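Structure first, commentary second.
As the structure is a computational prediction, the values presented were derived from the model and not from experiment.
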Amino acid sequence: MRSMGGKVASGDEPGPERIDQVGSAANGSNVNQAGRDVKVYGVDLHVPGWAWVAVGVSVVVAAAAVTWATWNGPTTGSPVLDAERPATTTTATTTTSPAPPEASTATTRPPTATTTPTPAPATVWWTGNLELGGYGGPGGGWWLDQSPPGPAVTGDLYYGSENEVAGVAVVEWDGAIPPDLAQCANLLDTNLGRKWTAVRRGTTACLRTRGGRVGYFTVTRTPGPNELTPSISVTATVWDLE
């Protein structure tokens, strides 16, 4: 049986009186009780004051360390401190410019030039020199629907006076160069009913025949004063029917 730092060597458990005797025995002394030798080892339970102070300081320091670790150390719970909050990740957006279109390998044909077809030149029915005789005499005029022309008292083109030429339709042309078929046809259509025109040397005029042909003439000579049979000379061109 253990008691107050001592050990009972042998025998039955001691009674209360024996325990008191054991407790009062000096450190390391032998006690002879009822013929038995008992060896008692005393324990000094006195603790110095500075030791208690050291223990208290250690407890305070340990408590402070635990508190500091609780507030500043890593935790496995939900984040509560700014240092433990996940950093915000900024994703940069890269804009890629589209690749330039590939050059077309198809052959590009140049635009087809649109041109107005040139009309074929009009067919000349007859061309030559004529003399328009005066006063309604023989050879005073000509039928121009014939090739060569046939003489007539009046006809498609004839002598009107010393300074006039008459016909089925006659209109003076004031252009610098002789007219073509279309120009004469347009001039005659816009001056319907004109059957004569005043002339002098160099005058050009358009004409139409009874058969519908179109032509023109240019005066090359007019009669002089006191001519017994005055006449007017012209060069004429008549186109065939379209």
Side-chain angles (χ1 to χ4, degrees), residues 103-242:
S104 175
T105 57
T107 302
T108 302
R109 295 182 180 180
T112 303
T114 303
T115 58
T116 302
T118 302
T123 302
V124 175
W125 170 254
W126 180 86
T127 183
N129 297 323
L130 294 173
E131 187 173 346
L132 308 177
Y135 305 110
W142 303 91
W143 296 113
L144 300 178
D145 284 322
Q146 300 176 21
S147 181
V153 175
T154 54
D156 297 315
L157 189 66
Y158 59 93
Y159 180 91
S161 67
E162 295 178 355
N163 58 4
E164 289 180 348
V165 173
V168 176
V170 180
V171 179
E172 183 178 357
W173 168 259
D174 59 1
I177 59 176
D180 58 22
L181 173 60
Q183 290 170 326
C184 270
N186 181 68
L187 182 63
L188 294 166
D189 290 341
T190 54
N191 291 275
L192 297 176
R194 296 286 297 272
K195 296 182 178 295
W196 62 272
T197 185
V199 296
R200 60 186 183 277
R201 186 176 180 177
T203 298
T204 298
C206 293
L207 63 89
R208 177 174 279 128
T209 69
R210 289 184 182 180
R213 289 180 172 87
V214 174
Y216 72 94
F217 66 88
T218 298
V219 176
T220 58
R221 177 189 176 276
T222 58
N226 303 319
E227 287 189 13
L228 295 176
T229 55
S231 64
I232 298 175
S233 299
V234 300
T235 59
T237 297
V238 180
W239 292 289
D240 202 353
L241 294 172
E242 298 182 63

_Run the salt bridge (Lys or Arg N to Asp or Glu O under 4.0 Å) test against R221 and tell me which residues pass, sequence neighbours left out._
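Residues passing salt bridge (Lys or Arg N to Asp or Glu O under 4.0 Å) with R221: E227.
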Looking only at heavy atoms, which two atoms of [X] and [Y] are closest? And how far apart?
X	Y	result
W125	S147	O-OG, 3.5 Å
T209	D145	OG1-OD1, 2.7 Å
W126	A236	CZ3-O, 3.9 Å
W143	R210	CH2-NH1, 2.8 Å
T222	R201	CG2-N, 3.9 Å

pair [X]-[Y]: side-chain heavy atoms closer than 4.5 Å:
X	Y	answer
L241	R213	yes
N129	T220	no
S161	W196	no

_Spacing of W239 atom CH2 and T123 atom OG1 [to the nearest 0.5 Å]_ =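 It comes to 11.5 Å.
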*Gap separating the CG atom of L132 from the CH2 atom of W142, nearest 0.5 angstrom*: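 Going from the CG atom of L132 to the CH2 atom of W142 covers 8.5 Å.
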*asked:* Atom CG of residue position L192 - does it have more than 12 heavy atoms of other residues, nucleotides or ligands inside 6.0 Å?
replied: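 Enclosed.
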*Please name all residues satisfying side-chain contact (heavy atoms from CB on, under 4.5 Å) with T203, sequence neighbours left out, ordered by chain then number.*
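In terms of side-chain contact (heavy atoms from CB on, under 4.5 Å), with neighbours along the sequence ignored, T203 is linked to E172, V199, R200, V219.
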